[in-house]
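Each chain gets a letter, A, B and so on, in the order the sequences are listed, and its residues count up from 1. If you're wondering where the values come from, they're calculated on a predicted model, not measured in any experiment.
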There are 6 protein chains.
Amino acid sequence: MVVCLLVAILALTSSVVSAYDPSPLQDFCVAAKEKDGDPKLVKPEDFFLHVEPGNTDNPNNAQVTPVSVSVDQLPGLNTLGISLARIDFAPKGINPPHTHPRASEILIVLEGTLYVGFVTSNQDGNRLFTKVLNKGDVFVFPIGLIHFQLNVGYGNAVAIAALGSQNAGTITIANALFKANPPISPEVLTKAFQVDQKLIDDLQKKSWYDTN
Amino acid sequence: MVVCLLVAILALTSSVVSAYDPSPLQDFCVAAKEKDGDPKLVKPEDFFLHVEPGNTDNPNNAQVTPVSVSVDQLPGLNTLGISLARIDFAPKGINPPHTHPRASEILIVLEGTLYVGFVTSNQDGNRLFTKVLNKGDVFVFPIGLIHFQLNVGYGNAVAIAALGSQNAGTITIANALFKANPPISPEVLTKAFQVDQKLIDDLQKKSWYDTN
Amino acid sequence: MVVCLLVAILALTSSVVSAYDPSPLQDFCVAAKEKDGDPKLVKPEDFFLHVEPGNTDNPNNAQVTPVSVSVDQLPGLNTLGISLARIDFAPKGINPPHTHPRASEILIVLEGTLYVGFVTSNQDGNRLFTKVLNKGDVFVFPIGLIHFQLNVGYGNAVAIAALGSQNAGTITIANALFKANPPISPEVLTKAFQVDQKLIDDLQKKSWYDTN
Amino acid sequence: MVVCLLVAILALTSSVVSAYDPSPLQDFCVAAKEKDGDPKLVKPEDFFLHVEPGNTDNPNNAQVTPVSVSVDQLPGLNTLGISLARIDFAPKGINPPHTHPRASEILIVLEGTLYVGFVTSNQDGNRLFTKVLNKGDVFVFPIGLIHFQLNVGYGNAVAIAALGSQNAGTITIANALFKANPPISPEVLTKAFQVDQKLIDDLQKKSWYDTN
Amino acid sequence: MVVCLLVAILALTSSVVSAYDPSPLQDFCVAAKEKDGDPKLVKPEDFFLHVEPGNTDNPNNAQVTPVSVSVDQLPGLNTLGISLARIDFAPKGINPPHTHPRASEILIVLEGTLYVGFVTSNQDGNRLFTKVLNKGDVFVFPIGLIHFQLNVGYGNAVAIAALGSQNAGTITIANALFKANPPISPEVLTKAFQVDQKLIDDLQKKSWYDTN
Amino acid sequence: MVVCLLVAILALTSSVVSAYDPSPLQDFCVAAKEKDGDPKLVKPEDFFLHVEPGNTDNPNNAQVTPVSVSVDQLPGLNTLGISLARIDFAPKGINPPHTHPRASEILIVLEGTLYVGFVTSNQDGNRLFTKVLNKGDVFVFPIGLIHFQLNVGYGNAVAIAALGSQNAGTITIANALFKANPPISPEVLTKAFQVDQKLIDDLQKKSWYDTN
């Protein structure tokens with residue numbers, strides 16, 4: 001019996017398991033539900049997933065549907081270093097400023113019109129790179145940089161994003177700052193944003209939608 | 001003046017330039033046409049590309065339209081480790097058995113019905129993993145394994161493939177074996193495929209379509 | 001004559017040059033001012049730099065002094081995948097919420113008392129991990145996560161931070177959002193932070209200190 | 001007690017276990033049969049293996065004897081990113097066209113005369129690079145490219161191949177196409193090779209020798 | 001429940017556990033004492049460690065205090081690819097010639113005066129690069145090269161070293177050669193150092209201090 | 001015209017050029033003598049080298065013949081991450097204690113009898129792992145560890161070593177310590193080896209053979 005490395009996964013595991021993105025040492029290394037990870041038990045379904053359009057009936061009027069490694073979703077992606085997401089936007093829908101700590105991204109628009117952009121690091125002068133994208137347009141967001149997409153067309157918009165990690169992670173700036181649990185000390189936030197504590201209190205009390 | 005590393009590119013260069021896929025050391029490292037690669041000259045268009053549907057009027061009845069790094073196409077992708085392709089299939093169109101020597105792939109079907117599959121290595125017993133995919137279905141092809149897609153629906157099909165390299169490369173098996181230039185010695189091919197030289201001669205004389 | 005790879009650097013270059021962090025292929029690969037990068041010309045000074053305490057007389061009451069690769073500063077660090085920073089804090093000084101897109105960080109306090117923390121990604125629930133650090137205390141900030149340090153002691157504070165890249169980059173959240181050049185469309189920011197345009201206008205007009 | 005990472009290997013495991021090739025974090029990380037992987041139990045034999053000449057009495061008249069990581073063979077190779085193979089050729093023996101999905105290769109001829117070659121990717125024009133090698137000659141096969149060796153001398157031939165992965169994998173083209181289990185749909189193969197179904201049926205019925 | 005990869009660690013483990021240094025696939029992957037590595041159990045203390053000045057009352061008159069990954073010390077460092085060390089020197093204290101097989105190093109002097117240096121490989125001519133460092137001075141030691149530090153000032157000296165691996169390893173040359181267990185055959189050492197066996201015998205009988 | 005990355009090599013360059021070992025972004029990236037690195041000019045000879053038995057008529061009675069990347073030798077190896085060496089030993093010949101800072105090694109004995117070994121790091125207790133190898137025996141030396149080979153048979157011995165870098169580097173301990181240029185301060189060496197200055201003076205005056 002052959003045992004695949006990335007397998008110390010318990011039977012009830014419902015989420016991401018892997019830990020590194022380099023080139024694999026076997027043809028695949030499925031994040032198996034079975035404790036022993038025997039490759040002989042791997043089946044085509046481990047490499048397959050169906051993705052439905054996202055429900056945009058939420059405060060962002062947009063929904064990111066990730067296709068990343070997961071024992072319940074796409075275990076065959078384990079160790080392969082890539083993932084996808086489908087992003088649906090209702091009119092005025094926003095995928096708010098966020099970073100992916102572990103991946104660069106390429107986005108292709110399938111439908112609609114998006115205003116997209118990223119901001120460079122301090123060392124590069126915090127330059128903003130933006131573009132309005134239509135169907136068939138592609139845009140690149142380098143690893144770790146803050147970026148966003150806003151539906152500026154009249155109808156819905158749909159995009160596919162490819163990410164250079166099996167588990168890129170997402171840090172929505174507003175959520176990380178104002179929905180952190182426990183909350184970040186207001187002293188940090190008032191100083192950082194040069195605003196008064198009342199505003200920070202208000203922001204920390206708002207409801208922030210969980211973006212994927 | 002700041003100079004980006006991967007830049008020893010001449011003014012007339014019209015194609016891929018980079019050489020390695022690891023994590024970048026700068027926000028980006030655009031494969032610039034300008035000799036000095038000054039980041040200050042980088043502009044949003046360096047991260048932007050428009051992709052048209054492919055023309056499937058060819059022997060494969062299918063067309064792969066790559067979105068990979070290129071000085072003329074998408075120089076902003078340089079050093080970011082990912083790329084995309086749009087694949088269009090007319091009825092019965094095929095993306096014939098091929099490998100990507102430098103990337104795993106995730107494919108999502110936008111339209112139509114595809115029979116897709118990959119074969120594992122000798123050590124794993126050359127097992128075939130296949131699936132019939134419809135709109136919204138996703139399938140994973142691990143790095144270096146032989147895989148294919150065939151349109152088995154009644155109409156056209158369209159898919160987006162994400163690849164884990166800025167320049168994955170493609171080796172179409174038939175082209176590499178029978179269209180190699182100069183030709184592979186028939187003695188190698190007759191022994192390898194247990195066929196007679198007449199067949200190999202015929203195969204080497206056929207016209208093989210250049211898949212991307 | 002031997003030529004080191006990472007050397008297409010012009011004589012007047014005054015800033016970062018490298019592009020990748022993997023393991024080197026030579027003993028060193030100094031980011032040399034001389035065009036030909038001849039290792040025989042490399043000297044001990046290429047591996048040496050003197051760091052003075054930072055001037056905290058600025059709006060943050062804190063100063064980050066980076067020791068990263070640079071033709072003028074520490075060219076010997078090129079290709080070695082690490083860097084340092086000294087951080088000086090006056091009383092109430094802050095190193096405001098920021099991320100390093102290309103490095104994890106370990107910080108050791110040399111003097112004073114710091115309140116430090118980081119926030120995890122959306123997928124992990126935006127949990128806040130904090131600690132009050134005194135002299136000799138060490139804290140870890142994982143790659144790409146938003147983190148901060150605030151001097152909560154009565155006197156000055158000093159810390160050394162080690163970073164896992166020769167050029168980690170810094171994205172100060174406030175600067176990237178409100179000092180981006182050109183400015184991010186207010187529509188993106190009002191939606192993202194659920195505030196009115198007046199506040200965004202005010203924030204975009206503030207003076208934001210350039211943190212390293 | 002210290003526990004090495006790559007160790008979730010059961011006592012009866014008879015084959016490859018690891019999953020990644022980067023630089024190790026410990027002096028070694030033996031793929032131990034003992035469940036707890038205690039480094040104190042590691043012994044010189046874990047780094048040792050004896051290789052006999054291969055038996056070339058088979059349809060290829062050649063035999064590849066791999067020296068790669070394996071709990072039963074050379075567990076000390078785990079995490080070290082290299083492996084070896086000895087290849088024996090009887091007269092007219094062939095190591096038929098194949099790829100290694102996870103490694104480049106350097107081959108040195110110990111005895112005899114080999115005609116060797118590789119074919120580049122579609123993007124490079126499927127160019128063939130060949131050479132006739134004699135004792136002491138070395139040739140390089142880049143990662144993922146289709147390559148082959150044929151004994152064109154009068155006597156036996158022997159070569160040593162070094163591979164840049166502890167588990168490079170081998171995909172013999174004929175086996176992957178015609179011996180896949182279950183078989184690849186003939187529709188894919190007839191279209192891909194522009195031949196009739198009769199030929200594909202014949203090829204799928206042949207006996208294909210299991211190359212390592 | 002989510003399970004982190006690098007976790008096959010037993011409850012009594014007292015030392016290093018991880019095995020590779022690439023970029024992580026999760027926000028963190030704490031080397032947890034709990035068998036299941038549930039991220040929800042991770043706490044700020046996992047990223048925290050207090051470092052005391054080292055006791056220099058030993059034959060080297062110097063002490064290296066490592067801050068590297070360890071289940072008992074700093075489990076939060078797991079997978080993040082960096083570590084620190086504090087080095088204390090009494091007058092004439094020495095950190096004798098050694099290599100780190102898995103990391104480059106940057107050292108910053110906090111106090112005192114050190115004579116430091118490294119020697120390049122045979123291919124580069126075994127050149128010596130040295131410098132006398134004072135407070136605030138920084139020096140770089142490239143991966144795998146033999147290097148040393150000697151306190152040449154009148155008082156104590158203190159330095160912080162940053163290392164590009166969570167577990168860099170240390171090979172003190174004298175210890176590896178003369179304290180190896182079992183001892184290296186004297187025939188190897190007499191030939192290698194062109195000395196007589198009496199001297200090797202003497203060296204192998206000396207007491208060698210265990211440097212970290 | 002296509003330009004390969006690693007090419008800023010001058011026409012007269014006679015030695016190693018590359019700088020990093022990760023997976024390539026093109027089929028190959030020949031370290032070309034021609035300034036523009038045009039892949040169309042690459043030829044089979046770039047991947048070919050002939051290796052003669054080494055001349056053992058030297059103080060070590062052994063000779064290492066490296067097959068690593070070099071513009072004049074084997075430019076096709078550039079970016080592929082592996083190399084070879086042939087090692088010839090006369091009776092009592094020694095490849096003295098050394099490390100490779102950038103590669104693990106597998107050695108296979110073609111002829112003769114070798115006593116080989118490596119010593120682990122301080123953290124592992126400086127354990128010695130040795131074995132006597134005969135024809136067909138294989139032994140593994142992990143990256144960065146001190147190791148050696150001694151011919152303990154009656155006749156000559158020959159071995160092939162595979163290394164996991166295109167330019168592994170060699171640090172012969174005696175040469176780095178006693179032949180460093182300029183010499184290491186005797187104060188460092190007397191303290192490090194607990195010997196008197198007379199012995200160090202003698203050792204620094206000896207003639208040390210340049211091992212590859």
What's the separation between atom CG in E:Asn126 and atom CG in F:Asp210, rounded to the nearest 0.5 Å?
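Reported to 0.5 Å precision, the distance equals 7.0 Å.
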
Quick check for you: to the nearest 0.5 Å, what is the distance between F:Asn167 atom CG and E:Gln123 atom CD?
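Spacing of CG (F:Asn167) from CD (E:Gln123) equals 6.5 Å.
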
Quick one: closest heavy-atom pair of E:Leu203 and F:Phe193, and the distance?
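Looking at all heavy atoms of both residues, the closest pair is CD2-O, 3.5 Å.
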
Taking all non-hydrogen atoms of both residues into account, name the closest pair between E:Gly144 and F:Pro101 and its distance.
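Answer, listing the atom of E:Gly144 first, then F:Pro101: CA-CB, 3.7 Å.
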
Examine whether an atom of [X] lies under 4.5 Å from a heavy atom of chain F, and if so say whether it belongs to the side chain, the backbone or both; otherwise answer neither.
X	result
E:Pro183	backbone
E:Phe178	side chain
E:Leu199	side chain

Using a cut-off of under 4.5 Å for heavy-atom pairs, which of F:Thr120, F:Leu128, F:Val119 has the most such pairs with chain E?
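Option with the top pair count is F:Leu128.
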
Portion of [X] that has a non-hydrogen atom of chain E nearer than 4.5 angstrom:
X	value
F:Tyr115	side chain
F:Leu177	side chain
F:Ser185	both
F:Phe148	side chain
F:Ile184	both

When you look at NZ of F:Lys135, are more than 12 heavy atoms from neighbouring residues, nucleotides or ligands closer to it than 6.0 Å?
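Atom NZ in F:Lys135 is not packed in, count stays at 12 or less.
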
Count the heavy atoms belonging to other residues, nucleotides or ligands that lie under 6.0 Å from CG of F:Asp57, then report whether that count exceeds 12.
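No, not enclosed.
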
Any side-chain to backbone donor/acceptor pair from [X] onto [Y]? Under 3.5 Å, distance only.
X	Y	result
E:Asn122	F:Thr172	yes
F:Asn181	E:Arg127	no
E:Lys206	F:Gln194	yes
E:Glu187	F:Lys92	no

Go through the steps to decide whether E:Ser121 and F:Ile171 satisfy the test side chain to side chain contact (heavy atoms under 4.5 Å, CB included), and finish with yes or no.
CA-CA 5 Å; E:Ser121 68; F:Ile171 298 171; 3.9 Å; yes

Tell me which of these, E:Pro66, E:Ala176, E:Pro97, E:Gly117, has more heavy-atom pairs under 4.5 Å with chain F than the rest.
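Most pairs with chain F among the choices: E:Ala176.
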
Sort out for me which of E:Leu150, E:Val195, E:Thr170, E:Asp202 touches chain F most, counting heavy-atom pairs under 4.5 Å.
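Looking at each option in turn, the highest pair count goes to E:Thr170.
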
